[in-house]
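Each remark here refers to the structure printed beneath this line.
Letters go in sequence order (proteins before strands), and every chain restarts at 1. Keep in mind that the numbers below use all heavy atoms, side chains included, and drop hydrogens, waters and symmetry copies. The structure presented is a predicted model; accordingly, all values stated were derived computationally and were not measured.
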Amino acid sequence: MPHDLPKAYDPTAIEDHWAEYWVREKLFAQPAPTPGAQDQPPLGDTFVILLPPPNVTGRLHMGHMLNQTEMDILTRWRRMSGRRALWLPGTDHAGIATQMMVERQLTEEGKTRQQLGREAFVERVWEWKRHYGGAILEQMKRLGASVDWDREYFTMDERLSVSVREAFVRLYHQGLVYRGVYIVNWCPRCQTAISDLEVVYDEHKGHLWEIRYPVLGAVGKDTGEFLTVATTRPETMLGDTAVAIHPEDERYRHLHGRKLRLPLMNREIPIILDEWVSREFGTGAVKVTPAHDPNDFALGERHHLPQINVMDETAHINAAGGKYAGLDRFVARKEIIQDLEERKLLAGIKDHIHNVGHCDRCKTVVEPRLSTQWFIKIQPLADKAIAAVKPDVNGNKAIRFTPEMYEKTYLNWMENIHDWCISRQLWWGHRIPAWHCAKCHKITVPQPNTKEDPKSCAHCGSGELTQETDVLDTWFSSGLLPVSVFGWPNIIPDTKTSGNRTSPGAPGLDSETGEGHHGTNLGAPGLASETWEGAKDRADFDAFYPTSLLVTGFDILFFWVARMIMFGCWFSTDIPMPDGSPRPLAESVPFREVYIHALVRDANREKMSKTKGNVIDPIEIVKKYGTDAVRFTLASMASPGTDIAFNVARTEGYRAFANKIWNAARFIFMNVDKAAEVGIKVDPTAFGSMPTAYADDPLEARWIVAELHATAAKVNGSLENYRFDDAANTIYQFFWGSFCDWYIEIVKLHLDFGAISDDLVYKATRRALATLIQVFEAALRMLSPFMPFLTEELWHAVYDGSPPPKSVALTSYPQDEIYSNDAEVQSIGVILSRHTYESPAIEMSIVQNVITALRAQRKEMGVPERDSVRALLYFNQNGSHVASTLRTNSNKKLCEALAKVELSFSYESPQPSTKFRSEVGYDVEVIYERTIDVTAERERLTKDIAKYEKGLAAAERQLDNEGFLSKAPAQVVEGLKKQAAETRTLLEKARAALEALPKN
RNA sequence: GGGCGGUUAGCUCAGCUGGUUAGAGCGCCUGCCUUACAAGCAGGAGGUCGCAGGUUCGAACCCUGCACUGCCCACCA
């Protein structure tokens, strides 16, 4: 019997069970639609969301948990609101990170990957992945994420690898991929190029070394003069091929056309003139090392300087570095400085604060390095990606950012974008589908839509081809996810004819409208119903692309979000709409909305980091407080644009909330059981919808039903705007503040199983019980996206273990049916208008106000909590609605029961000598013998008087103001007048009471 | 060097397009083991909304300046 609930809620007792249940029952599976079939609900009502794929190497941290909580709340909410919801999970192969992980393993075994060889190493990584790669998703399952596990992907899956290859191949044949020798950011530890984004800059206290380069005379002899250059990386001087000065720099005008002798290397290098040189910085003379600095590289190109690479891939000096060969760059730096000093060529050392680039992955200092890499010419893709975010002529945006300010950040970056270095010198990843010819040394890239690797060189026909050894940047494959997970490119029939026929990158692409000229393959209408290889994928794509929303952190805005937008817009443009029409930009975006969430920090607002040791492990917290409490904590603090300072004190509070809900359920089930004993059964078929109340229902029933509807309206509205905090707080307030604190306390009075033989009592009890359960059941549904475990457990118990659907997650989300439509409400006879004093909200607030006043007065008089006492209620001239509310017998009884008083009314004023309490519209007096603490009383009254005087003065000042009276809206003026009158009454009474206190 | 945020109760944060006397949770104080819940109930204290001007009948909210603080971007050796 599920009604036997323990006294305190123990999350650990139920969570594993439900987590497994949701997965096992495949409750959230959303299989690909059958081609041509009519599905319900209609395809238009989809809610599709991709999980930002965690790294396979990853362990769940608070950021993941926030991200997943938000996505789960939205997905569950949309699903319950009738949308066909699909949340798609997967993991990222995370090239560098994973390779590092396995290399570390090998090191422990005393091996290196080079010893293993590429093939064996990659197999080893796969093995690792099979073993440990699922950890993070297992954690996710445990947290109750309502994803479709049948669709789980991995970015190195065969299916997704096909997409990656096709994307590269198309871009290549569109002329948007190029290969060349450039300066790239090189990580000497990872021994690979990394993109600009993967370099993180740290401010670093370094030095600026000033080195004297001897000036040579006409015959190549030292003149005895020196040109002093300044550098932060002296070791690069081994590769210097010039020194640059500003052409207008008067100090050096006499050196124009002269040469220098490069110290330590004894190489003659020219002095070149370039306006790029800043005369103010350093000495105004810059050593130029084209092979080791991006600026110098550009300078070198302009002046046709040789490029001398002096370091190997591990940042050790190579043979070109003379006697320093073999030294690590920092060791070499020391020796070079020392040698220069000995030769008196070191003019000075200055402290210098500058930014040093580090590898995002391993934090090694990045070395700009000349190497052959693959790049994407990004501008054409960026143009579309910009158009997708900027408002069109009608002011519509194909992609909307929340918070909106990220739109600016995004556009700013996109408008200043650089070509993307996509090659990585790793073994783990998608190997670049390009083949080098041993004969003509040209490159062969397969044609689009071909599966076979090329057998012979496309240029000379030679069969001596070897595939490129570099792999693609991890973000290349994750950038493709929105299209690749839905089957692209295998979704266009007769694909042999499409592909490289036209080049979208070519001039003529209209990036403003996004309507490219590469629509070579406008499929026929009814495409999805045809039987062909990709029909199933195509139906999937048609149903779910574009996705609805992306929820992610700003840290991967450029890495991932921007790349998905570029790729999504680029590769989906030529896929016709399901009806065969061309795909507009708004339908080629990978997602329609982006919600960017904040960072989770520790309770002191510090960034969580391993080195600081302040990382909060979500799994630990979950074990301690329960998943629901942690989820609720995150949700309640997730206000767009604000970082979350995660404080377990909050979580403790929400564990208490879970316990509160649990105990409310215990109370309800206890009464259900009592009712059953006297033959009252509640019809469960009435559950699952929104409860209604009728004119003859008692106040608390009419009120709580109205509150429920109002709460539903507010929660739905908040979720619509990603206001998780508002939504969570609203539900919290409703459940605890309204349902438990007031409704349950009052409904107890109407659950009278003792006098059940009386027909009226029987009916009233049955009705009260029905409303109680219905509201509770609806509240569970409303709460379930936030607290899926607890609500699932209790919801099943409400149905005594045999609910209609298999899960609360498959029921419908509470919708407001009152506040959204007053007219209809009145026509069906429900008395729930909020415009009159008959409104349950106003009636209830009066009752609550009276009860609170009575309780406060009791307390002040020192009445023991148990005792019932007599009390007097004095109505005054502002209190007509109070009087009319309380004259209702049921309301009077209510006040008496909840305040433990026996109430009498009076239309006189209380005697100044008695101790009473003044409220707006009435005074209360509790009849009880006690000695008044005159000092405390005087203090309280004095404080009240000051407050009233201040308020009254402010109100009167405004009411005397002509401008206010003429310009402010009538209701504001009226409200202020009323309030001023009330304050005046309260002030007078307080003054009188103070006057009446005994003096001493 | 550019750009974008933030500053409201002891703490963490709300406060929607300016409108009556600024809210919540936690913490704090007081009293209660009242048979759903002490992870609870009841009552209470606590804020000149960072500072200085301005606009307005009216400003936490709009404008200007300042202070402090956080983040992002940037090739200055």
Quiz item: Touch check for A/K7, heavy atoms < 4.0 angstrom, all strands: base, sugar-phosphate only, or nothing?
Solution: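 Sugar-phosphate contact only - A/K7 comes under 4.0 Å of backbone atoms but never of a base.
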Exercise. Name the nucleic acid region contacted by A/R650, choosing base, sugar-phosphate or nothing; use a 4.0 angstrom heavy-atom cut-off, strictly under.
Key: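 Answer is base: heavy atoms of A/R650 come under 4.0 Å of a base.
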Self-check item: Bracket notation of RNA chain B in which parentheses pair within the strand, [ ] cross earlier pairs, and | pairs with another strand (Watson-Crick or G-U, under 3.5 Å)
Solution: (((((((..((((.....[...)))).(((((.......))))).....(((((..]....))))))))))))....
Quiz item: Separation of A/E865 atom CD from B/U35 atom C1', in whole Å?
Solution: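 The distance from CD of A/E865 to C1' of B/U35 comes to 17 Å, rounded to the nearest Å.
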Practice problem: Give every residue pair that meets the salt bridge (Lys or Arg N to Asp or Glu O under 4.0 Å) criterion with at least one member in residues 277-288 of chain A, sequence neighbours excluded. | Solution: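 Those involving residues 277-288 of chain A are A/D240-A/K287.
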Self-check item: Base B/C4 to side chain A/K408, donor-acceptor N/O within 3.5 Å cut-off
Solution: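 When only heavy-atom distances are counted, A/K408 does not reach the base of B/C4 through any donor-acceptor pair under 3.5 Å.
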Exercise. Classify the side chain of A/K859 and the base of B/A42 as holding, or not holding, a donor-acceptor pair under 3.5 Å.
Key: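 Yes, a donor-acceptor pair under 3.5 Å.
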Quiz item: Checking A/N663 side chain against A/R666 main chain: does a donor-acceptor pair fall under 3.5 Å?
Solution: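 Answer holds: no.
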Self-check item: P-based separation of B/A42 from B/G50 [nearest Å]
Solution: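 Here B/G50 and B/A42 have their P atoms 33 Å from each other.
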Quiz item: What interatomic distance, in whole Å, is found between P of B/G19 and the corresponding atom of B/C28?
Solution: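 These two P atoms come out 35 Å apart once rounded.
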Exercise. Tell me, please, which residues at least two apart from A/S868 pass side chain to side chain donor-acceptor pair (under 3.5 Å).
Key: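 Checked A/S868 against side chain to side chain donor-acceptor pair (under 3.5 Å); zero matches.
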Quiz item: A/D867: what forms a side chain to side chain donor-acceptor pair (under 3.5 Å) with it, not counting sequence neighbours?
Solution: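 Scan of A/D867 (side chain to side chain donor-acceptor pair (under 3.5 Å), adjacent residues dropped) gives none.
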Exercise. Give, ordered by number, those residues of residues 715-731 of chain A having at least one heavy-atom distance below 4.0 Å to an atom of RNA chain B; if nothing qualifies, reply none.
Key: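 Of all residues in residues 715-731 of chain A, the ones placing a heavy atom under 4.0 Å from RNA chain B are A/R723, A/D726.
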Quiz item: Which residues, if any, of residues 741-751 of chain A bring a heavy atom under 4.0 Å of RNA chain B?
Solution: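 Listed by number, they are A/D741, A/I744, A/E745, A/K748.
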